[in-house]
Amino acid sequence: MEFKLGKGSLASFATDVAVVTCFERDGAARLERSDGGVELDRALGGELTKLITSQKFTGKEGKTIIVPTFGKVTPRYVLILGLGTRKDCTIERLRKAGAIITKECDRLHAASFAVVLEQNSLNGLASARRLQAVIEGAFMGSYRFERYREADARSESTFARGTFLTAGPTKLFEKSIDLAQSIGRAIHFSRDLSNTPGNDLTPTILAQHAKRVAHDLKLGIDVWGTAELKKERMGAFLAVAQGTAEPPALVHLTYRPRGKVRAKVALVGKGVTFDTGGISIKPSKSMHEMKYDMSGAAVVLATLQAAAQAKLPVAIDAYLGATENMPDAKAVKPGDIVTARNGKTVEIINTDAEGRLVLADTLTVAAEKKPDYLIDLATLTGGASYAVGELYAAILGSDQKLVDRLLAASANAGERLWQLPLEKQYLKTITKGPADIANSGGSTASTIMGGLFLSQFVGDCRWAHFDIASCAWTNEDNTLASKGATGAMIPTLISFLSSL
Ligand code: BES
Ligand code: MN
Ligand code: ZN
C-alpha cells in the first residue's frame, strides 16, 4: 500500500477510482467544485447529480455511491463518499473515510484511487492533518490477520496506490504521508504481534522481533534473560517468570536522534505473552484471548519503530517486560513474599495480578536512568473495560502536566483517553499486610489499584500509566479494526512525542 501526491484534474487523472466527497447539508448532499465533483458531473452529463437525487443520497457519513464512467472520463469509476455534516468532521471520521475508500477499491477489484486534497482548513483540521488521517484509516481498515489460513481462504486485496491531487506545499504534505505510513505500518505490526498466539509469540520470539527492528533502524538493544534479572535483583519480575518453561526477556531498546534532543522519554510495555493467571488460574472461557496480554509491549515496540522512522527529535528508551504467566510446580504461590528491585517487599496475594509485578521492576530500571517522562502501557486490569469501556484507554499518573499533555495528544490523534484518579487513600489497604505492599486487594476500582501499585516503583519520575486492557482488543469487526488487536494508543503516543 503506497500513497503519493499528484497534480492535475481528477477527470483526466490515470486512476481506477476517482473519489469525490459530499457533506450532509440540510439533509441533502451537493457536489463540490473544490474537489472536482462538479467537473466530473459535467463530464458525465450530470449523471452524478441525478444519482444523488434518485438514490436520496444525503451525504450521511460512510454512505457511498459507485458510478461506472464507461470511458467518458479517465478514471473507471467515481466513488461518491458521504462525510456527514461539516462540523462533525473529525480525525476519526476522516480515518473511516480512508478505510471505506480502500474497502470499496477492493470490492471493485481496483488497484488505485485519486482524490483532491483541498488547501483550506476544514473544521479546524489543516490539509496536512486530514491527509494523515485518511492514510492512517486506509491502513487501519485494511488490516487482516490471516497468516494461519490456507491461501484461498484469505481475503483478496487489490488496492495498492492512493494519490492526493494538490497544488499545495509538497514538502509538508510528503512529511504527512511518511508519518501516516509509519503510523499505519506500526499499527499493523503491533496488531500482528498481539494476534499471534502464545506458542508463536514467546518472550524469546518477541525479543527477536525487537532485534530485527533495532537492526533495521540502527537502534541500541540489550536483552536481559533469567541470569541478568537475578543479578539485577528483579525479584518481582522473576516471581512471575519462575512458573514457566519459557525464558523471560527484558528488552531494552534505545533510539537517539541526530542533532538536538528535545526530551528523554522512557516507554515501558507489559509483555506477558500468555496470562493463564498462574496458580490463581483464570476461568477457561476467554482465556485463549490472553495471548494479547503483551499488547503494551507491542504498542511500545511499534511506536518506537514509527518514531525512529519519522526521526523524531526525542531520545527514547523502550523497555518490554516479557514473560509467560503459567501455573507450574515451580510457580509462585499466593501468599509468597518477594523483594522487588527497589527494595520493597511484595506479598503476592493473587498470582493473576502479574502485570504489575513485571512492570514494578521494569519501571524501576527505567526510572533509574532519570528520563524526563516515564510512560507505561499495559493490559493491566479487566476492570478498565468496566471503568471506561472498549473505546477508551484509562490513564493515571503522578504528574498532572504529563497526563494533560497525553490527554491533549489523544484528542489531537483522534483517540479516546480518560483519566482516573490515583486516590492515595486506597493505597492504605494494600500496605497493611506482612509485606511493604500487596499485589491485590483494596478498593474495587481495580484499575486505580493497579495504577497505585505501579506508582510505588517509579521513583520521583514524572510518570503516567495507560491501562489498555479495555481498548487493545475488539470483539467485533468494525470499520477501523477487524476482530482482534487494535494497536490503540500508537497514534496518541506519536502525537505526544511529536509535540515535545
Ligand atoms: N491481563 C489481565 C488483565 C486483563 C483482563 C486484560 C481481561 C484484558 C482482559 C491481568 O493480568 C489480570 O489478570 N488482572 C487482574 C488483577 C486482579 C487479580 C487484581 C484483573 O483485572 O482481574
Ligand atoms: Mn493476570
Ligand atoms: Zn495479565
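Note that the structure is a prediction, hence the values are computed from the model and not measured. Both counts, for ligands and for their atoms, begin at 1 and track the order of listing.
- For Asp376 and His465, the side-chain atoms include at least one donor-acceptor pair closer than 3.5 Å.
- Taking every heavy atom of Tyr292 and a limit of under 4.0 angstrom, the matching atoms of ligand 1 come to 8 (C), 9 (C).
- Heavy atoms from both the backbone and the side chain of Thr381 come within less than 4.0 Å of ligand 1.
- Using modelled atom types, one finds a donor on one side chain and an acceptor on the other under 3.5 Å when comparing Tyr143 with Asn195.
- Neither the backbone nor the side chain of Glu289 has any atom closer than 4.0 Å to an atom of ligand 1 (non-hydrogen atoms only).
- One finds a salt bridge joining Lys282 and Asp275 here, because a Lys/Arg side-chain nitrogen approaches an Asp/Glu carboxylate oxygen to under 4.0 Å.
- For ligand 1, the atoms sitting less than 4.0 Å from at least one non-hydrogen atom of Asn350 are 18 (C), numbered in the order shown with element in parentheses.
- Among the backbone and side-chain atoms of Asp352, no N/O/S atom is found under 2.8 Å from the Zn ion (ligand 3).
- Taking the N/O/S atoms of Glu354 in turn, the shortest distance to the Zn ion (ligand 3) belongs to OE2.
- The option with the heavy atom closest to atom 13 (O) of ligand 1, from among Val358, Asp352, Thr379, is Asp352.
- Contact annotation: Lys270 has at least one heavy atom less than 4.0 Å from an atom of ligand 1.
- Counting only heavy atoms from C-beta outward, the side chains of Thr362 and Phe237 approach each other to under 4.5 Å.
- Residues Ser280 and Thr351 bring a donor and an acceptor atom of their side chains to less than 3.5 Å of each other.
- A side-chain donor-acceptor contact under 3.5 Å links Glu104 and Thr64.
- Residue Asp275: an N/O/S atom is found under 2.8 Å from the Mn ion (ligand 2).
- With the Mn ion (ligand 2) at the apex, Asp352 O and Glu354 OE1 define an angle of roughly 70° (rounded to 10 degrees).
- The option with the heavy atom closest to atom 10 (C) of ligand 1, from among Asp467, Leu380, Thr447, Asp293, is Leu380.
- With respect to the salt-bridge test (charged N to carboxylate O, under 4.0 angstrom), the residues Glu136 and Arg95 qualify.
- Looking at Thr381 and Thr447, their side chains do bring a donor and an acceptor atom within 3.5 Å of each other.
- Note: no N/O pair closer than 3.5 Å links Ala353 and ligand 1 by distance alone.
- Under the 3.5 Å distance criterion, with hydrogens and angles disregarded, no donor-acceptor pair is assigned to the side chains of Asp399 and Tyr373.
- Of the protein's heavy atoms, Asp275 OD2, 3.5 Å lies nearest to atom 2 (C) of ligand 1.
- Polar contact with ligand 1: present for Lys282 (N/O pair, distance under 3.5 Å).
- One finds a salt bridge joining Asp336 and Lys333 here, because a Lys/Arg side-chain nitrogen approaches an Asp/Glu carboxylate oxygen to under 4.0 Å.
- There is no side-chain donor-acceptor pair under 3.5 Å between Arg185 and His188.
- Within ligand 1, counting atoms from 1 as listed, the ones closer than 4.0 Å to a heavy atom of Gly382 are 3 (C), 4 (C), 5 (C), 7 (C), 20 (C), 21 (O).
- If you check each of Arg356, Glu354, Met287 against atom 11 (O) of ligand 1, the one with the closest non-hydrogen atom is Glu354.
- Vertex the Zn ion (ligand 3), arms ending at NZ of Lys270 and OD2 of Asp275: the angle is 170° after rounding to 10 degrees.
- Only one option out of Asn325, Ile348, Thr276, Leu359 pairs with Glu354 in a side-chain contact (heavy atoms from CB on, under 4.5 Å); it is Asn325.
- A salt bridge does not link Arg233 to Asp361: none of the charged nitrogens lies less than 4.0 Å from a carboxylate oxygen.
- With a 4.0 Å cut-off on non-hydrogen atoms, Met290 touches ligand 1 through its side chain and not its backbone.
- Remark: ligand 1 atoms within the under-4.0 Å shell around heavy atoms of Ala469 are 6 (C), 8 (C).
- Inside a 4.0 Å radius of atom 22 (O) of ligand 1 there is not any protein heavy atom.
- Residue Asp293 approaches the Zn ion (ligand 3) most closely through its N/O/S atom OD2.
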